[in-house]
Structure formats: C-alpha cells, structure tokens
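Heads up: the structure comes next, in structure tokens.
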Amino acid sequence: MFTYKELHLIDKGYFKVLRYPVEDNFIEIQSKNTRDSWIIQKRNIALSEYPIVLYHKHPGQKYYHKHWQCYNVKQSISSIKSHDRYSLHKRVYLKYL
C-alpha cells in the first residue's frame, strides 16, 4: 500500500488519478500533458531489488508495457515527468520536419 507521503508526491495538477484500489499495491495515473497512462506498482522488497515497477501505455494503446524499475515513488514520478519532457520535445521536433 502507498503511504500518505507517497500519495502526495502525485501532483493532481500534473496527473489525473485513473484508479487507486486501496487494498492493492498499485495506482494508475495519466499525465495531463501527454495523455500517457502509467501504473506505479509497489512490490515486495524481499523479492526484488527494485520495489517499484512502472508500466506505461500511449493514448490509443490497449495494453501496458513494462517501462522502468525504480527504488521509490519519488524516483518513479521524476522518471514519468522526464519521459513527458522527452515526448513533448520529440513532438515539437517532428512537427518542424
């Protein structure tokens, strides 16, 4: 389960929360900038070196794919925002080709 502090790392101005089943170990969010959807899944730290796994899908895609593994929720949020900057920069670049 996510802690109160971890949940507050998810900026509601930047992300839309799509699904947060309280009993489960994941939260599904969507970037308001790119409309990409993400699942932040917490895993048992005893079973894996990385306690967080990020899954990602682009708008219009049906299924998620594994994107990154992270050490904490803060790092996963930072990774998502970095991916958004890359995607937005790529769109602007391709627009002028």
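For clarity, every value in this text was computed on a predicted model and none was experimentally measured.
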ILVMFWY cluster membership beyond Tyr63 - transitive side-chain contacts under 4.5 angstrom: none
Is there side-chain contact between [X] and [Y], with heavy atoms separated by less than 4.5 Å?
X: Tyr55; Y: Ser37; result: no
X: Glu6; Y: Lys42; result: yes
X: Leu54; Y: Cys70; result: yes

Return the set of residues passing side-chain hydrogen bond (donor to acceptor under 3.5 Å, both in side chains) with Gln30 (not counting sequence neighbours), or none when no residue passes. none
If the condition is side-chain hydrogen bond (donor to acceptor under 3.5 Å, both in side chains), which residues does Tyr14 pass it with, not counting sequence neighbours? Asn33, Asp84
Transitively linked via ILVMFWY side-chain contacts under 4.5 Å: [X] with [Y]?
X: Ile52; Y: Leu7; result: yes
X: Tyr50; Y: Met1; result: no
X: Ile39; Y: Leu18; result: no
X: Trp68; Y: Leu9; result: yes

Scan the side chains in residues 73-83 for donor-acceptor partners under 3.5 Å anywhere in the protein, sequence neighbours excluded, and list what turns up.
| unit_1 | atom_1 | unit_2 | atom_2 | d |
| --- | --- | --- | --- | --- |
| Gln75 | OE1 | Tyr71 | N | 2.6 |
| Ser76 | OG | Val73 | O | 2.6 |
| Ser79 | OG | Gln75 | O | 2.9 |

Can you name the salt bridge (charged side-chain N to carboxylate O under 4.0 Å, His left out) partners of Arg85, sequence neighbours left out? none
Have a look at Ile27 and tell me which of Phe2, Trp38, Phe15 forms a side-chain contact (heavy atoms from CB on, under 4.5 Å) with it. Phe2
Check whether His58 reaches the backbone of Asp36 with its side chain - one donor and one acceptor, N or O, closer than 3.5 Å. no
Asn25 side chain to Arg43 backbone, donor-acceptor under 3.5 Å: no
Applying salt bridge (charged side-chain N to carboxylate O under 4.0 Å, His left out) as the test, list every pair that has at least one member in residues 7-21; sequence neighbours left out. Arg19-Glu28
